[in-house]
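Only heavy atoms go into these numbers, but all of them, side chains included; no hydrogens, no water, no symmetry mates. Order of listing sets the numbers, starting from 1, for every ligand and every atom in it.
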Amino acid sequence: MSDSLAQRMMHNPVFSQVYEHMWRPTFTRLFSLGGTGTADFDRALTAYLTRPGDRLVLDVACGPGNYTRRIAEGLTGDGRCVGVDYSPPMLSQAARTNRTDRTMYIRADGHALPFADNTFDTVTCLAALYLIPDPLPVIDELVRVTRTGGEVVIFTSVRTDLTSFPGVVAAAGSAGYRIFDRHEIVDRLRAAGVDHVEQTITGQGQYVLGTKSPLTPSADRIPRSVRQNSR
Ligand SMILES: C[S@@+](CC[C@H](N)C(=O)[O-])C[C@H]1O[C@@H](n2cnc3c(N)ncnc32)[C@H](O)[C@@H]1O
């Protein structure tokens with residue numbers, strides 16, 4: 001199957017350069033349509049993610065590292081934020097513009113994250129699942145690499161009154177943009193072993209936060225040597 005328009009954009013060097021300061025703010029405003037304050041919620045989420053702490057965070061589908069860097073800025077001690085993306089132009093942009101002592105960037109597919117089970121304190125996947133042709137297995141991967149008791153944070157699309165108009169879902173789909181049913185993300189997180197799932201729908205987007213259940217198996221955390229090489 002050929003790449004969708006959305007996927008092709010993610011691999012375009014010019015798009016990766018304008019993404020953080022032009023495309024993302026515009027898209028956030030578009031997401032606010034028909035609701036109150038996706039942009040406000042985005043600020044609240046950023047404040048939540050950047051709270052101080054010695055945490056190991058994974059930002060899946062990090063794009064040019066716009067959130068990776070912001071998350072890393074709040075970390076203390078050995079805290080690091082690892083950004084993963086499969087687009088070389090996005091990662092080059094991240095390395096150029098959002099690199100700090102507490103960030104590292106790795107090229108990988110969200111379907112097969114190169115980390116052991118139960119590694120990260122927090123795993124985020126923001127504004128990306130709707131672009132991924134087979135997104136639900138990626139949710140399983142997010143949960144797999146989150147440590148027991150750790151948190152998973154997702155921002156993505158959701159079906160609303162506005163997007164339920166006939167033809168909207170199909171038209172979006174033909175450009176490579178998926179609109180999730182209301183329970184799809186929450187149900188998949190629960191099935192993968194996430195508890196206390198909190199879903200906030202605002203405008204055309206949903207923010208979903210959950211905690212990995214202690215009933216899922218635990219394994220070693222990321223080795224210290226990896227943390228020390230994270231520059
Ligand atoms: C719209 S950007 C989101 C960037 C950032 N997370 C944000 O919130 O602004 C979506 C990113 O998902 C990445 N992506 C799409 N499919 C992916 C996959 N299967 N594995 C890893 N990254 C993927 C794209 O390369 C792109 O950088």
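- Within the structure, the closest approach of C125 to ligand 1 does not fall below 4.0 Å when heavy atoms are considered.
- Using a 30° and 60° split on the angle between ring planes, H11 and Y86 fall in the tilted class, from 30° to 60°.
- Counting heavy atoms closer than 4.0 Å to ligand 1, residue N66 contributes side-chain atoms (C-beta onward) but none from N, CA, C or O.
- Below 3.5 Å of separation, one finds an N or O of D85 facing an N or O of ligand 1.
- Among residues two or more places apart in sequence or in another chain, the salt bridge (charged side-chain N to carboxylate O under 4.0 Å, His left out) test is passed with D109 by none.
- In the vicinity of S87, heavy-atom distances shorter than 4.0 Å reach the ligand 1 atoms 25 (O).
- Among P64, A127, A112, G63, the residue whose heavy atom lies nearest to atom 10 (C) of ligand 1 is A127.
- Side-chain N/O atoms of D59 and T124 include a donor and acceptor closer than 3.5 Å.
- The residue from G110, G83, A61 that puts a heavy atom closest to atom 12 (O) of ligand 1 is A61.
- Close approach to D109 involves these atoms of ligand 1, each under 4.0 Å from a residue heavy atom: 18 (C), 19 (N), 20 (N).
- Note: an N/O pair closer than 3.5 Å links Y19 and ligand 1 by distance alone.
- The pair K212-D195 does not meet the salt-bridge criterion, since no charged nitrogen lies less than 4.0 angstrom from a carboxylate oxygen.
- The proximity of L131 to ligand 1, defined as any non-hydrogen pair under 4.0 Å, is limited to the side chain.
- Cation-pi geometry between R51 and Y48 is met: the NZ or CZ atom falls under 6.0 Å from the ring centre, inside 45° of the normal.
- Only the backbone of A108 comes within 4.0 Å of ligand 1, judged by heavy-atom distances.
- In terms of protein heavy-atom proximity, atom 8 (O) of ligand 1 is nearest to R24 NH2, 2.8 Å.
- With respect to the salt-bridge test (charged N to carboxylate O, under 4.0 angstrom), the residues D85 and R107 do not qualify.
- Scanning Y130, F15, Y86 for the heavy atom closest to atom 18 (C) of ligand 1 points to Y86.
- We find that E141 and R144 are joined by a salt bridge, their nearest charged nitrogen and carboxylate oxygen being less than 4.0 Å apart.
- Ligand 1 has a nitrogen or oxygen under 3.5 angstrom from a nitrogen or oxygen of L126.
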Does the side-chain hydrogen bond (donor to acceptor under 3.5 Å, both in side chains) test come out yes or no for N98 and E20, once each step is laid out?
CA-CA 10 Å; N98 284 315; E20 179 171 359; 2.9 Å; yes
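- Contact atoms of ligand 1 toward A128: 10 (C), 12 (O) (distance under 4.0 Å to a heavy atom of the residue).
- Applying the under-4.5 Å side-chain rule to Ile, Leu, Val, Met, Phe, Trp and Tyr, the cluster around Y105 extends to L91.
- Of all atoms in ligand 1, numbered sequentially from 1 with element shown, those under 4.0 Å from a heavy atom of I132 are 15 (C), 16 (N), 17 (C).
- Between Y130 and F180, the gap from one ring centroid to the other reaches at least 6.0 Å.
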